[in-house]
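First up is the structure itself, then whatever we jot down about it.
So you know, we letter chains A, B, ... as the sequences are listed, proteins then strands, and number each from 1.
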There are 2 protein chains.
Amino acid sequence: MGKRKTTSTNLQNERFIATTCDLTYAVCLLSGRWKLLILCHLQDGILRYSEIRSKIPGITEKMLTVQLREMEKDGLVYRTVRPEFPPHVDYGLTEMSSELIPVWEVLENWGATHRKSAINATP
Amino acid sequence: MGKRKTTSTNLQNERFIATTCDLTYAVCLLSGRWKLLILCHLQDGILRYSEIRSKIPGITEKMLTVQLREMEKDGLVYRTVRPEFPPHVDYGLTEMSSELIPVWEVLENWGATHRKSAINATP
DNA sequence: CAGTATCCATTAAGATACTG
DNA sequence: CAGTATCTTAATGGATACTG
């Protein structure tokens with residue numbers, strides 16, 4: 001019935017801790033429409049929930065929350081709640097995710113270059 | 001009918017050519033369970049369809065074909081068919097995707113380091 | 001060998017409304 | 001302010017069988 005009998009390679013659910021490939025492991029931790037983008041914005045410093053949201057046009061609150069929570073669980077962001085009212089929650093990179101800064105630097109440059117070509121090439 | 005009325009942010013379908021963010025553009029071109037992994041294997045040289053498949057345990061023929069075709073369309077791999085029987089098809093990196101080699105190098109190292117920690121940390 | 005085709009299960013993502 | 005909850009659709013991934 002609701003059971004998987006097969007190799008069971010869900011991206012988000014089982015987080016691929018047991019995968020045998022380091023690259024696959026990394027890809028799985030970072031896969032998601034918004035994760036790299038969120039991390040990239042956090043490299044400039046600690047941001048509040050609403051600050052991240054306003055820096056990423058198009059993201060819904062639900063997706064922002066989901067992705068932040070997953071990344072927190074995976075050790076990619078830390079989350080600090082200040083016991084105030086109104087609530088105040090800070091997010092920042094961890095040591096682990098800081099090591100990925102070169103990744104989005106390369107990707108951003110690469111994207112900039114080739115997006116321009118793609119736009120110019122569209123008839 | 002088959003029409004989207006909303007912001008329309010499908011990952012694979014509309015390929016995000018019109019996105020306003022370079023990083024998002026890059027992420028969208030590379031998103032997919034297998035793309036980085038395939039590209040990574042191709043950095044060692046030209047590979048045939050069956051060679052890629054055997055280097056990536058767990059991938060199905062369908063997914064390999066789908067991802068290769070998308071990447072070919074996006075200029076991330078090239079595909080050469082030799083008019084022989086039995087068929088012989090070669091795949092290789094393009095200039096564009098060669099620029100991404102640093103990305104998977106970082107990711108692979110990062111994955112290696114932190115996967116070990118994750119495995120050791122699991123109770 | 002290098003794929004296609006079909007069908008189906010699971011997951012990601014989005015809209016919208018609501019809350020402590 | 002910083003989220004939840006609920007519902008819906010879109011997209012991904014897989015099993016299996018078949019083909020030029």
Once you round it to whole Å, what is the distance between [atom2] of [N] and [atom1] of [X]?
| X | N | atom1 | atom2 | answer |
| --- | --- | --- | --- | --- |
| Leu68(B) | dT4(C) | CG | C1' | 15 Å |
| Met63(A) | dT4(D) | CE | P | 13 Å |
| Leu64(A) | dA13(C) | CG | P | 13 Å |
| Glu84(B) | dG3(C) | CD | C1' | 16 Å |
| Arg79(B) | dC1(C) | CZ | C1' | 12 Å |
| Glu61(A) | dA5(D) | CD | P | 14 Å |
| His88(A) | dC1(D) | NE2 | P | 11 Å |
| Ile56(A) | dG14(C) | CD1 | C1' | 16 Å |

Among the candidates dG14(C), dG13(D), dA2(D), find the nucleotide nearest to the side-chain atoms of Lys62(A).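 Output: dG14(C).
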From the set dA13(C), dA5(C), dG3(C), return the single nucleotide nearest to any side-chain atom of Arg33(A).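 Nearest to the side chain of Arg33(A) among the choices is dA13(C).
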Working to the nearest 0.5 angstrom, can you tell me the gap between [X] [atom1] and [Y] [atom2]?
| X | Y | atom1 | atom2 | value |
| --- | --- | --- | --- | --- |
| Lys35(B) | Leu100(B) | NZ | CG | 12.5 Å |
| Arg69(A) | Asp74(A) | CZ | CG | 13.5 Å |
| Trp34(B) | Thr60(B) | CH2 | OG1 | 7.5 Å |

Using heavy-atom distances to pick each residue's nearest nucleotide on DNA chain C, tell me which of Ile59(A) and Pro87(A) is more 5'.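 Nearest nucleotide further toward 5': that of Ile59(A).
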If you find the nucleotide of DNA chain C closest to Gly58(A) and the one closest to Phe85(A), which residue's nucleotide is nearer the 5' end?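 It is Gly58(A), whose closest nucleotide lies nearer the 5' terminus.
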Is any side-chain heavy atom of [Y] closer than 4.5 Å to one of [X]?
| X | Y | result |
| --- | --- | --- |
| Glu70(B) | Val66(B) | yes |
| Leu29(B) | Met96(B) | yes |
| Leu39(B) | Leu30(B) | yes |

Decide if atom CD of Glu95(B) counts as having more than 12 heavy atoms of other residues, nucleotides or ligands within a radius under 6.0 Å.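 No, because the 6.0 Å sphere around CD of Glu95(B) holds 12 heavy atoms or fewer from other groups.
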Is the phosphate of dA2(D), meaning OP1 or OP2, less than 4.0 Å from a side-chain N or O of Arg69(A)?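 So the side-chain polar atoms of Arg69(A) never come under 4.0 Å of the phosphate oxygens OP1 or OP2 of dA2(D).
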Quick one: is Tyr91(B) getting a side-chain N or O under 4.0 Å of the dG3(C) phosphate, OP1 or OP2?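 Looking at the OP1 and OP2 atoms of dG3(C), one of them is under 4.0 Å from a side-chain N or O of Tyr91(B).
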In residues 36-52 of chain B, which residues come under 4.0 Å of DNA chain C by heavy atom?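 Residues of residues 36-52 of chain B under 4.0 Å from DNA chain C: Arg48(B), Tyr49(B), Ser50(B).
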What salt bridge (Lys or Arg N to Asp or Glu O under 4.0 Å) pairs are there with at least one residue in residues 49-61 of chain B, not counting sequence neighbours?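 The answer is Arg53(B)-Glu61(B).
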In dot-bracket form, how is DNA chain D paired, counting a Watson-Crick or G-U wobble pair only if both its distances are under 3.5 Å and using | for bases paired to another strand? ||||||||||||||||||||
Is there a chain of hydrophobic side chains (I, L, V, M, F, W, Y, each step under 4.5 Å between heavy atoms) that links Ile56(B) to Trp104(B)?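 Shared cluster, yes.
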